[in-house]
There are 2 protein chains.
Amino acid sequence: MSDLLERLRDRGWRLTAQRRVVAQVLDGDHVHYTADEIHALAVNLLPEISRATVYNTLGELVSLGEVLEVSTDGRAKRYDPNARHAHQHLVCDACGTIRDVHPAGDPLGSLPATERYGFTISGVEVTYRGLCPDCGTA
Amino acid sequence: MSDLLERLRDRGWRLTAQRRVVAQVLDGDHVHYTADEIHALAVNLLPEISRATVYNTLGELVSLGEVLEVSTDGRAKRYDPNARHAHQHLVCDACGTIRDVHPAGDPLGSLPATERYGFTISGVEVTYRGLCPDCGTA
DNA sequence: ATCCAGAATTGGATCTTGTCCAAAACCGAA
DNA sequence: TTCGGTTTTGGACAAGATCCAATTCTGGAT
Ligand SMILES: [Mn+2]
Ligand SMILES: [Mn+2]
Ligand SMILES: [Zn+2]
Ligand SMILES: [Zn+2]
């Protein structure tokens, strides 16, 4: 059983067949699927699973902190199971590919105290944009 | 006439009444309105302007590099006329307020060469999240 | 001043993403 | 086995955005 499923069971989550296949699709640390992609992949494993259940399950996983929502453009949100290791994203502007990259130093540190305007800051998202090797001008 | 309108005219843009009021609404460097907010404000100045024209005009301004699109959440995109000075955003998770903040050092520098995976990197977006003074736990 | 072709605008249809809801199915404790 | 709470489901609904064919506008040519 995957780490993810194990942690969920430890939290008293009822492990239904539907939740199991959603977790299974997300398993592996380097995917960034949309909800509809996850639904399509889940249907391969459990043909009768509904779109609503996929959205419900993803919402619960996000609330539990097991999955991150990533909005790299104004399109569909992507769901990132790599919630345990802080990381940032490198996005191809042409094909939308997303890669995980890892911070050098604390990105929060780059915001000077004089630029906080009384906010209580809880996090920072960094998205690098460019062209991937496949899409770059050959 | 605003700087923005002047630059647009210099580029040979046809300055219609509709485009003028959209530019007028965006004038001033610290706004981050949604397309519908811009439409509502534009209607005050030119009652018959359509939503489609607001979207068309915003799209053109973005193509020209005069306005930036900002997607801070999965909701409506926001349009940022402050495209001439590199800056980052500080977003309140409770009320959605956006403030401009200014980088200390080049945020691009924080991505190690070993983490570029053959991408040609063209830019970076940094979004700090937290609670604004109004929304913070009093 | 008038005409005309290309540019711009318009309202509504359409699409995508996501949420909501009431009914049905499921599950596990008693 | 029964029963109440939990989960799932399909379809309705909503927001944001795009598309499109019809119309209006515009500025240069005459
Ligand atoms: Mn990731
Ligand atoms: Mn800004
Ligand atoms: Zn690419
Ligand atoms: Zn706030």
Side-chain angles (χ1 to χ4, degrees), chain A residues 5 8-9 11-26 32-64 66-80 96 98, chain B residues 5 8-26 32-64 66-80 91 96 98:
Chain A
L5 285 177
L8 293 175
R9 204 187 31 183
R11 298 211 199 200
W13 229 44
R14 200 187 277 194
L15 269 196
T16 65
Q18 288 86 350
R19 288 170 172 184
R20 197 180 300 271
V21 299
V22 170
Q24 196 171 332
V25 167
L26 287 174
H32 301 93
Y33 294 136
T34 65
D36 276 343
E37 286 167 352
I38 292 167
H39 180 239
L41 292 166
V43 163
N44 293 339
L45 305 172
L46 184 69
E48 66 274 24
I49 190 173
S50 76
R51 222 170 53 99
T53 295
V54 170
Y55 273 103
N56 287 344
T57 304
L58 290 172
E60 288 156 8
L61 290 171
V62 170
S63 293
L64 291 171
E66 293 289 351
V67 167
L68 299 176
E69 276 180 352
V70 180
S71 317
T72 54
D73 52 10
R75 311 288 313 282
K77 286 178 196 161
R78 294 180 172 272
Y79 291 87
D80 185 341
I98 302 180
Chain B
L5 285 177
L8 293 174
R9 206 189 30 183
D10 290 350
R11 297 212 200 199
W13 231 43
R14 190 129 87 177
L15 269 196
T16 65
Q18 290 84 351
R19 288 169 171 185
R20 197 182 299 271
V21 300
V22 170
Q24 196 171 334
V25 167
L26 288 173
H32 302 92
Y33 294 136
T34 65
D36 275 344
E37 285 167 353
I38 292 167
H39 179 239
L41 291 165
V43 162
N44 293 337
L45 304 172
L46 184 68
E48 66 274 23
I49 191 173
S50 74
R51 225 168 53 99
T53 295
V54 170
Y55 273 103
N56 289 342
T57 304
L58 290 172
E60 287 156 8
L61 290 171
V62 170
S63 293
L64 291 172
E66 293 288 351
V67 167
L68 301 175
E69 276 181 353
V70 180
S71 320
T72 53
D73 52 11
R75 310 290 311 285
K77 286 179 195 158
R78 292 179 174 274
Y79 291 87
D80 185 340
V91 178
I98 302 180

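All chains are named by letter (A, B, ...) in the order of the sequence lines, taking the proteins before the strands, and each is independently numbered beginning at 1.
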Separation of [X] atom [atom1] from [N] atom [atom2], in whole Å?
X: B:I38; N: D:dG16; atom1: CD1; atom2: P; result: 13 Å
X: B:Y33; N: D:dG16; atom1: OH; atom2: P; result: 17 Å
X: A:W13; N: D:dG5; atom1: CH2; atom2: C1'; result: 17 Å
X: B:E60; N: D:dT18; atom1: CD; atom2: P; result: 13 Å
X: B:H39; N: D:dT18; atom1: NE2; atom2: P; result: 15 Å
X: A:R20; N: D:dT7; atom1: CZ; atom2: P; result: 14 Å
X: B:E48; N: D:dT24; atom1: CD; atom2: C1'; result: 12 Å
X: A:N56; N: D:dG10; atom1: CG; atom2: P; result: 13 Å

Heavy atoms under 4.0 Å, any strand shown: does [X] hit a base, just sugar-phosphate, or nothing?
X: A:T53; value: base
X: A:A76; value: sugar-phosphate
X: A:R51; value: base

Do [X] and [Y] come within less than 4.5 Å of each other through their side chains, counting heavy atoms only?
X: A:V22; Y: A:T53; result: no
X: A:L41; Y: A:Q24; result: no
X: A:Y79; Y: A:E69; result: yes
X: A:T57; Y: A:T16; result: no
X: A:L61; Y: A:W13; result: yes
X: B:L8; Y: B:L64; result: yes

### Task
Take A:T57 and B:R75, find for each the nucleotide of DNA chain D with the closest heavy atom, and name the residue whose nucleotide sits nearer the 5' end.
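The residue whose closest nucleotide sits nearer the 5' end is A:T57.
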### Task
For A:R19 and for B:Y55, find the nucleotide of DNA chain D with the closest heavy atom, then tell me which residue's nucleotide is more 5'.
A:R19
Does [N] have its OP1 or OP2 closer than 4.0 Å to a side-chain nitrogen or oxygen of [X]?
X: B:T16; N: D:dT26; value: no
X: A:S50; N: D:dT8; value: no
X: B:Q18; N: D:dC25; value: no

### Summary
Hits for side-chain hydrogen bond (donor to acceptor under 3.5 Å, both in side chains) against A:S71, two or more places apart or cross-chain, chain-then-number order -> none
#### Entry: Boundaries of the DNA chain C segment in contact with chain A, non-hydrogen, under 4.0 Å
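Footprint of chain A along DNA chain C, 5' to 3': C:dT16 to C:dC27.
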### Message
Side chain of B:R14, heavy atoms from C-beta onward: which of D:dT8, D:dT18, D:dT26 has the nearest atom to it?
### Response
D:dT26
